[in-house]
Amino acid sequence: MFRFTSIKDYHTALNAAHTTCVQVVKYYLDQITAHANLNVYLEVFSKEALAQAAILDAAAKQGKRLGKLHGVVIGIKDVLSYKGHAVSAASKILENYTAVYTATAIQKLLDEGAIIIGRQNCDEFAMGSSNENSAYGPVKNAIDISKVPGGSSGGSAVAVQAGLSMISIGSDTGGSVRQPADFCGVVGLKPSYGRISRYGLIAYASSFDQIGIFSKTIEDAALVLEVMAGEDEFDSTVSSKPVPPYSKLIERKEIEKTTSPKKVAYFKETLFHPGLDPEIKTKIESYLNDLTAKGYIVEAIDFSLLSYLVPTYYVLTTAEASSNLSRFDGIKFGHRTKQSIADLNDLYKKTRTEGFGEEVQRRILLGSFVLSAGYFDAYFTKAQQVRQKLVDLTSAVFSKYDLILSPTVPTTAFGLGEHNHSATEMFLADIYTVYANLVGIPAISIPLFTHSNGMPFGLQVMSASFNEAGLLSFSKEQMNNKV
Ligand code: GLN
């Protein structure tokens with residue numbers, strides 16, 4: 001039976017004619033059916049994936065040049081547009097909406113021979129930390145189905161965890177790739193802001209959003225990043241910096257040549273946070289000690305702004321969301337109320353009340369409030385000032401250190417329904433991840449640890465903007481040492 005380990009091994013098996021793309025797609029379709037209880041996919045593109053696999057097999061037979069992702073089976077979070085396919089942001093408001101163009105990142109995957117197998121469940125409009133805010137029901141963690149997978153890209157994380165795709169593409173505004181990766185025991189990479197085009201990604205908070213990658217290995221994440229990154233005339237915020245050959249740069253001989261990162265910092269306050277699980281704290285501390293023993297310089301630095309991160313993040317992202325989501329009004333596209341209406345405002349109100357779930361409504365209200373005339377300076381301007389302070393602090397840190405390390409999340413995956421009663425309690429799950437989005441740096445969660453409660457948890461590694469190569473090299477070494 002087919003077993004996926006890495007893209008490289010899969011390509012070796014294809015070359016040796018041990019398997020074909022069609023056989024592999026069939027295998028994934030079977031797995032998806034067998035694990036339907038996890039609620040990972042909102043839609044599976046079965047016929048199309050099989051047809052695409054047949055085309056790729058034929059191309060290989062004819063000796064045509066094959067793409068870097070030839071036959072790689074990829075699932076995409078339901079916030080990424082793929083022309084002719086439904087995309088709903090797991091919301092009722094976009095229930096019958098079909099994408100009219102393809103996201104640049106997805107097009108780049110297709111151009112390199114990837115097979116898109118389906119769209120994956122997530123929190124509505126990517127707002128949440130547990131995948132319980134989806135209009136289509138929660139996703140379950142495959143290690144323990146009474147536990148959440150994390151969010152908002154919960155379906156994407158579980159797909160890789162449970163072998164329902166080789167790779168998943170998610171989005172990360174405040175941790176939505178790294179936090180579920182941590183809860184599910186897989187790799188989750190959020191690149192620098194502007195590394196991958198956001199064209200075709202349904203916006204949540206545009207100055208935070210970034211497309212991210214779930215994989216089993218660092219090598220696969222590096223290769224997929226290399227394919228998706230780069231300039232795009234449809235996104236003015238994407239960087240025109242050339243895309244380094246990440247997959248080559250993390251090969252051992254290259255790492256030795258360039259001397260991989262050696263000076264790492266951690267924020268003292270992250271390890272003394274009262275919400276941090278004591279066992280996660282102990283394991284991360286002893287991990288840092290081991291790094292010192294291996295010759296790394298590991299230093300604690302003060303981070304008095306830690307308690308401001310979550311409030312700053314939620315003021316700014318809800319403000320941006322209230323503006324971004326104003327387009328879903330029942331006129332332009334998506335759901336429109338069937339109730340009788342008095343006037344235009346009534347139409348908007350009824351449509352939006354029916355179409356948006358509770359959490360999305362809460363955030364639109366909060367965002368409109370922080371932007372309103374009387375409160376703008378007290379909340380929005382203040383939060384922008386904190387963001388600037390964080391940016392300054394970050395450049396000071398990276399002038400001395402190569403990397404910042406922290407736990408990814410303060411706890412392991414919690415139970416379904418456990419944090420549903422309190423939005424602010426749920427927000428605290430994001431305390432370590434929102435920082436990277438506030439300042440735009442790349443960050444990854446790597447699955448290094450297992451808790452005595454049986455659940456996995458990760459180490460979060462962050463680097464200076466656009467130093468994905470350093471970030472990935474270090475992460476690869478850590479994963480190799482684990483094995
Ligand atoms: N949990 C965070 C939120 O709800 C992060 C979401 C995300 O990264 N999309 O906003």
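Order of listing sets the numbers, starting from 1, for every ligand and every atom in it.
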Looking only at non-hydrogen atoms, find the nearest pair between S463 and I441 and report the distance. O-CB, 3.2 Å
So, K350 and E354, do they make that salt bridge, N to O below 4.0 Å? no
Check whether any N or O atom of K77, backbone or side chain, sits under 3.5 Å from an N or O atom of ligand 1, and answer yes or no. no
Nearest protein heavy atom to atom 6 (C) of ligand 1, by residue and atom, and its distance? S176 OG, 2.8 Å
In plain terms, say whether E279 and K283 are close enough for a salt bridge, that is, a side-chain N and a carboxylate O under 4.0 Å apart. yes
For T317, state whether at least one heavy atom is located under 4.0 Å from any atom of ligand 1. no
With atoms numbered from 1 as shown, which atoms in ligand 1 lie under 4.0 angstrom from a non-hydrogen atom of D172? 8 (O)
For atom OH of Y97, is the number of surrounding heavy atoms from other residues, nucleotides or ligands below 6.0 Å larger than 12? yes
Before accepting this row, confirm whether a basic side-chain N of the pair E43/R119 lies closer than 4.0 Å to the acidic partner's carboxylate O. yes
Where ligand 1 meets G174 - atom numbers and elements under 4.0 angstrom, heavy-atom basis: 5 (C), 7 (C), 8 (O)
Select one of side chain, backbone, both or neither to describe which atoms of S152 lie under 4.0 Å from any atom of ligand 1, heavy atoms only. side chain
For the ring pair (Phe, Tyr, Trp, His ring centres under 6.0 Å) test, which of F303, F208, Y313 pairs with Y435? F303
protein heavy-atom neighbour closest to atom 2 (C) of ligand 1 works out as D430 OD2, 3.2 Å
Does F208 come within less than 4.0 Å of ligand 1, judged by its heavy atoms? no
Atoms of ligand 1 close to Y313 [distance to a heavy atom under 4.0 angstrom, numbered from 1]: 2 (C), 3 (C), 5 (C), 6 (C), 10 (O)
Could you tell me the separation between the OG atom of S130 and the CG atom of N141, rounded to the nearest 0.5 Å? 12.0 Å
Is it true that atom NZ of K382 has more than 12 heavy atoms of other residues, nucleotides or ligands lying nearer than 6.0 Å? no
Purely on distance, is any nitrogen or oxygen of G175 under 3.5 Å from one on ligand 1? yes
Kindly confirm or rule out an N or O of A126 lying under 3.5 angstrom from an N or O of ligand 1. yes
Strictly under 4.0 Å, does any heavy atom of R363 approach an atom of ligand 1? yes
As an exercise, identify every atom of ligand 1 less than 4.0 angstrom from a heavy atom of M127. 4 (O)
Identify whether the distance between the nearest side-chain nitrogen and carboxylate oxygen of K68 and E226 falls below 4.0 Å. yes
